[in-house]
Amino acid sequence: MRCPEGCGRTLSMNLLPGAHPCWTLQEHPDGTGSLTPSVWRKEGCGCHFFLRRGKIEWVS
Ligand SMILES: [Zn+2]
């Protein structure tokens with residue numbers, strides 16, 4: 001996915017259990033997805049957000 005903050009970088013979230021860091025993608029019946037835990041880019045733009053039901057929720 002693209003960084004939602006607009007810096008244009010591509011974010012890659014590892015979904016493989018056992019690797020680290022690793023995220024869990026939960027798919028909902030309505031076709032949206034939620035990602036846990038939050039995504040925090042400590043390098044680059046530093047954005048920190050949740051993806052819940054396909055929508056970005058910023059962590060301030
Ligand atoms: Zn960014």
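Atoms within a ligand are numbered from 1 in the order they appear, just like the ligands themselves.
Judged by distance alone, with hydrogens and angles left aside, the side-chain atoms of Ser38 form no donor-acceptor pair with the main-chain N or O of Phe50 at under 3.5 Å.
Within the sub-2.8 Å shell of the Zn ion (ligand 1), the protein contributes these N/O/S atoms: Cys3 SG, Glu5 OE1, Cys7 SG, Cys45 SG.
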Leu51 and Ile56: CA distance, side-chain angles, deciding distance, side chain to side chain contact (heavy atoms under 4.5 Å, CB included) verdict: CA-CA 5 Å; Leu51 181 67; Ile56 302 297; 3.6 Å; yes

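The structure places OG1 of Thr10 at 5.5 Å from CZ of Arg2, a figure rounded to the nearest 0.5 Å. Between the CE atom in Met13 and the SG atom in Cys22 there is a gap of 11.5 Å [rounded to 0.5 Å].
Below 30°, between 30° and 60°, or above 60°: for His48 and Trp40 the angle between ring planes is below 30°, a parallel geometry.
Inter-residue side-chain proximity for Lys55 and Thr32 is flagged as unmet; no heavy-atom pair is nearer than 4.5 Å.
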